[in-house]
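First comes the structure, then the notes that go with it.
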Amino acid sequence: MISQYRKSATIPLRLTFVMWLMFSCQFYLEIDLGVYFGVYPRHWVGLIGVLLAPLIHGDINHLLSNTLPFLLLGVILFYFYSRIARPVFCVSYFLPSLLVWIFGRDFYHIGASGVIYSLAFFLMLFGLFRKDTKSLTISILVVLLYGGLFYGLHSNDPRVSWESHAFGAGVGTVLAFVYRNKRKVD
């Protein structure tokens, strides 16, 4: 059982380490990595952000607010849905940022919130679509922990990428629907 927890935490922990490493470099070197590696919509240089933007954060509060949900939701996904976790996680990581690159406003979009919204909405809705006891229990737990994410779908703060939130929620919803009939998910 302990080894399954470790295995479930491997990818989320490694990416969280990279987030903190990149933030430390940004802080100590006094550079804004978002300008170099953020998603900047419809500009070729902004495409690098599809890969790197979820690992870059604007300040310590931004990083702290993304760390725990990223870790917890990632571990829940990999622990309870190990057979589908990798494709769900990969799509949740890349597709929201790609959609922001295509449709977002001209602005440097950074942070892991698109991934977080995708994972949260997947976990919240998967149980509803699947209709089995274990998945419904996980859905209820995630709603109790992260139901407040619904308020972040539209932000009045121009520095917040509500597009990442919205596209992440949409991607998570579609993934939950697509995988609902997968025979064995864990």
Side-chain angles (χ1 to χ4, degrees), residues 1-23 37-39 47-57 63 65-102 109-143 145-146 149 152 161 163-186:
M1 188 171 216
I2 297 288
S3 67
Q4 188 175 354
Y5 283 121
R6 278 192 200 136
K7 191 175 179 182
S8 301
T10 301
I11 291 173
L13 274 173
R14 286 180 180 171
L15 287 172
T16 301
F17 173 77
V18 174
M19 284 182 209
W20 280 86
L21 181 65
M22 290 183 85
F23 181 78
F37 303 122
V39 173
L47 257 180
I48 189 73
V50 172
L51 176 64
L52 296 176
L55 303 172
I56 299 167
H57 293 79
L63 180 60
S65 69
N66 279 330
T67 297
L68 186 59
F70 184 85
L71 276 172
L72 186 59
L73 294 168
V75 169
I76 290 170
L77 174 70
F78 280 94
Y79 185 79
F80 290 106
Y81 305 118
S82 59
R83 294 221 174 143
I84 62 170
R86 283 186 185 270
V88 168
F89 191 85
C90 285
V91 171
S92 294
Y93 186 92
F94 293 110
L95 191 53
S97 291
L98 182 61
L99 291 170
V100 167
W101 185 81
I102 295 168
H109 300 263
I110 58 171
S113 37
V115 182
I116 292 166
Y117 270 78
S118 185
L119 295 177
F121 274 72
F122 172 81
L123 292 168
M124 283 190 255
L125 296 173
F126 189 68
L128 294 176
F129 292 147
R130 192 157 175 85
K131 298 176 184 157
D132 69 61
T133 305
K134 179 186 88 169
S135 297
L136 279 169
T137 303
I138 293 166
S139 292
I140 291 167
L141 174 69
V142 173
V143 167
L145 289 172
Y146 294 109
L149 289 175
S161 176
E163 297 97 327
S164 293
H165 299 179
F167 287 128
V171 167
T173 301
V174 169
L175 286 169
F177 184 77
V178 166
Y179 281 99
R180 76 193 183 286
N181 292 326
K182 183 93 169 146
R183 268 283 194 251
K184 183 88 169 134
V185 295
D186 50 357

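The first residue of the sequence shown is numbered 1, and numbering continues consecutively from there.
Using a 4.5 Å heavy-atom threshold, the side chains of P54 and F70 count as separate. No side-chain heavy atom of Y81 sits under 4.5 Å from any side-chain heavy atom of Y179. Inter-residue side-chain proximity for L125 and L128 is flagged as met; some heavy-atom pair is nearer than 4.5 Å. Two residues are said to be in side-chain contact when any heavy atoms from C-beta on lie closer than 4.5 Å; T67 and H57 fail this criterion.
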Go through F126 and V88 one step at a time and tell me if the side chain to side chain contact (heavy atoms under 4.5 Å, CB included) criterion holds.
CA-CA 11 Å; F126 189 68; V88 168; over 6 Å; no
Start with the C-alpha distance between V18 and M22, add both sets of side-chain angles, then the distance that settles side chain to side chain contact (heavy atoms under 4.5 Å, CB included), and finish with yes or no.
CA-CA 6 Å; V18 174; M22 290 183 85; 4.0 Å; yes
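If you take CG on L13 and CZ on R6, they are separated by 11.5 Å, rounding to the nearest 0.5 Å. Going from atom CD1 of I110 over to atom CZ of F37 covers 12.5 Å, rounded to the nearest 0.5 Å. Rounding to the nearest 0.5 Å gives a distance of 7.5 Å between CG of L15 and CD1 of I11. Here the CG-CG distance, from L98 to L51, works out to 12.0 Å after rounding to the nearest 0.5 Å. Atom CG of L136 and atom CZ of F129 lie 11.5 Å apart (nearest 0.5 Å).
Residues F78 and F89 place their aromatic rings such that the two centres sit under 6.0 Å apart.
Looking only at distances, no side-chain donor or acceptor of Y93 sits under 3.5 Å from a matching main-chain atom of A112. Distance alone, capped at 3.5 Å, places no donor-acceptor pair between the S135 side chain and the K131 backbone.
Classification of D132 and R130 as a salt-bridged pair holds, one side-chain N sitting under 4.0 Å from a carboxylate O.
Residue F177 qualifies as open at atom CZ: its count of foreign heavy atoms under 6.0 Å is 12 or below.
Applying the ring-ring contact (aromatic ring centres under 6.0 Å, His included) rule to F94 yields no partners; only residues at least two apart in sequence or on another chain are considered.
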What pairs of donor and acceptor atoms, side-chain ones from residues 113-123 against any protein atom, are under 3.5 angstrom apart with sequence neighbours left out?
unit_1 : atom_1 : unit_2 : atom_2 : d
S113   : OG     : H165   : NE2    : 3.3
Y117   : OH     : L149   : O      : 2.8
S118   : OG     : S92    : OG     : 2.7
S118   : OG     : G172   : N      : 3.4

